[in-house]
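What follows is a set of notes on a single structure, which appears directly below.
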Protein chains: 2
Amino acid sequence: MEEMERAIPRATVGRLPRYLRCLEETDRSTISSSEIATAAGVESAQVRRDLSYLGSIGTRGVGYDVSRLRAQISLLLGLAGPVRVAIIGAGNLGQALAGYAGFGAAGFEVVGLYDKDLRKVGRTVHGQPVHPIDRLEADAGAGLFEIAIIATPAEVAAGIVAKLSNAGVRSILNFAPATVKAPSGVEVRTVDLSTELQILSFYRR
Amino acid sequence: MEEMERAIPRATVGRLPRYLRCLEETDRSTISSSEIATAAGVESAQVRRDLSYLGSIGTRGVGYDVSRLRAQISLLLGLAGPVRVAIIGAGNLGQALAGYAGFGAAGFEVVGLYDKDLRKVGRTVHGQPVHPIDRLEADAGAGLFEIAIIATPAEVAAGIVAKLSNAGVRSILNFAPATVKAPSGVEVRTVDLSTELQILSFYRR
DNA sequence: CTCTGTGAAACACTTCACAGCG
DNA sequence: CGCTGTGAAGTGTTTCACAGAG
């Protein structure tokens with residue numbers, strides 16, 4: 001039997017962070033769907049439909065209570081407590097990510113980097129320890145982090161995804177320019193500069 | 001009257017770069033839809049449907065001619081000649097992007113950075129000149145680049161998008177954590193770390 | 001009277017399944 | 001016979017439009 005009580009569409013999940021940001025930027029205590037819509041760049045009916053999945057509690061004639069709605073969305077996105085993030089690969093990108101101050105503000109906590117190069121292991125990068133890549137699977141299995149960010153060369157990305165998903169990690173952000181098939185139950189989001197530019201190239205002129 | 005001859009679905013455009021990469025990685029001269037599908041992590045029917053929008057020329061019983069197909073996809077994505085890219089914002093991210101070697105390999109050419117800080121203007125970053133931000137609109141209008149990458153603080157992102165689209169730029173990659181509404185006819189793709197992590201947080205456990 | 005929540009319609013995208021070409 | 005190309009069916013998402021709560 002399938003679980004189907006709270007089937008929130010992927011498209012909706014993808015927009016909730018945007019709504020959350022709008023809510024954080026306003027100073028009013030109540031906000032209507034069309035105000036959120038304008039700020040988020042979508043249709044107001046879309047906002048109402050999306051928020052209705054939260055078992056929503058807007059007030060007709062008024063709108064949504066900002067702090068209540070923030071709490072609801074944060075809860076749904078699993079942002080109630082701190083979310084721990086591991087960075088795989090301590091090269092240029094991995095180090096830049098480790099130093100990114102935005103993590104804390106958004107409730108994420110970097111718990112370490114993993115690298116193959118033993119000369120890097122044991123050092124710290126922006127205050128974060130660099131661990132040997134051999135320890136990755138065990139640490140993942142022990143539940144030391146919830147989300148993994150892959151910042152390795154493309155050749156090894158698929159292997160890392162396999163290890164992580166074996167160890168029970170369900171959320172992976174992949175910055176390697178490689179197409180990796182997500183094992184079922186695992187969400188892999190790939191962000192690649194060349195891919196983005198190629199898509200944009202289609203839409204020019 | 002609307003142009004409708006070649007309405008290629010956005011979802012298809014988003015997958016073409018992946019197919020292109022598979023084609024670049026194979027050493028065979030012919031390839032079937034299910035082979036592409038396996039490599040790209042999608043269904044074979046999806047590949048055939050997507051490729052059929054290219055006015056496709058597979059050979060029944062055989063598959064697709066790799067070099068022919070590469071040429072077709074490149075052409076459709078507008079990658080036939082070099083595509084010029086400007087980087088707006090010469091801070092950490094902008095500088096890192098300017099130094100990213102992957103541009104050339106994928107047929108993109110960085111033509112310069114733009115920054116508000118006059119102390120940076122006139123310097124070069126990884127061989128790229130830094131121009132004053134005032135010149136952005138004129139340079140864009142003069143057609144000096146096809147794609148703009150926004151690597152500025154969030155506060156100024158919306159204004160930059162407005163200037164660029166005024167000047168006729170149709171393709172924008174936005175790394176600022178800001179929701180910008182794309183003027184019609186302009187494609188804006190936003191990539192933001194916090195948003196990605198928040199989405200992934202939903203799918204953990 | 002305003003603004004939510006939601007059936008129902010419209011639209012977009014994916015998958016099935018098979019006719020038919022090479 | 002193998003594999004493409006595509007009608008048709010299925011699924012997911014957006015938009016319309018309005019009943020009804022506050």
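In what follows, chains are A, B, ... by sequence order, proteins preceding strands, each numbered from 1.
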Heavy-atom check, side chain of A/Thr179 versus side chain of A/Thr190, under 4.5 Å:
no

Taking N and O atoms by type only, does the side chain of A/Arg49 place a donor or acceptor under 3.5 Å from a partner on the base of D/dT13?
no

Cationic N near anionic O, under 4.0 Å, B/Glu187 to B/Arg10:
yes

If the threshold is 4.0 Å, N to carboxylate O, is there a salt bridge linking A/Arg170 and A/Glu146?
no

Just checking A/Leu54: base, sugar-phosphate only, or nothing, at a heavy-atom cut-off of under 4.0 Å?
nothing

Whole Å only: how far is the CD1 atom of B/Ile36 from the P atom of D/dC3?
13 Å

Ranking A/Gln46 and A/Thr59 by the position along DNA chain D of their nearest nucleotide, the one closer to 5' is A/Gln46

So if I take every side-chain heavy atom of A/Tyr64 and compare against C/dG5, D/dC16, D/dC3, which nucleotide ends up nearest?
C/dG5

To the nearest angstrom, how far is A/Arg15 atom CZ from D/dT15 atom C1'?
12 Å

Base, sugar-phosphate or nothing for A/Ser33? Non-hydrogen atoms, less than 4.0 Å.
sugar-phosphate

Do the side chains of B/Asp192 and A/Arg21 get close enough for a salt bridge, i.e. N-O under 4.0 angstrom?
yes

Rounding to a whole Å, what distance do you find between B/Tyr53:OH and D/dG7:C1'?
12 Å

Whole angstrom is fine here: how far is it from CD1 in B/Ile57 over to P in C/dC21?
18 Å

Which nucleotide in the set C/dT14, D/dT4, C/dC16 lies at the smallest distance from any side-chain heavy atom of B/Ser32?
D/dT4

Within 45° of the ring axis of B/Tyr203 and under 6.0 Å from its six-membered ring centre, is that where the NZ or CZ of A/Arg189 lies?
no

State which of C/dT4, D/dT13, D/dG5 makes the closest approach to the side chain of A/Arg10.
D/dT13

To the nearest Å, give me how far apart CG (B/Asp65) and C1' (D/dC3) are.
15 Å

Please pick, from D/dT13, C/dA17, C/dT6, the nucleotide with the shortest atom-to-atom distance to any side-chain atom of A/Arg48.
C/dT6

Which residue lies toward the 5' end of DNA chain D, B/Ser52 or A/Ala45, if each is placed at its nearest nucleotide?
B/Ser52

B/Ile31 CD1 to D/dG2 C1', in whole Å, measures 16 Å

Quick one: A/Glu43 CD to C/dA9 P, roughly how many Å, whole number?
20 Å

For the pair made of CD in A/Glu35 and P in C/dC3, what is the distance, rounded to whole Å?
8 Å

Which nucleotide in C/dC16, D/dA17, C/dT4 has an atom nearest any side-chain atom of A/Arg60
C/dT4

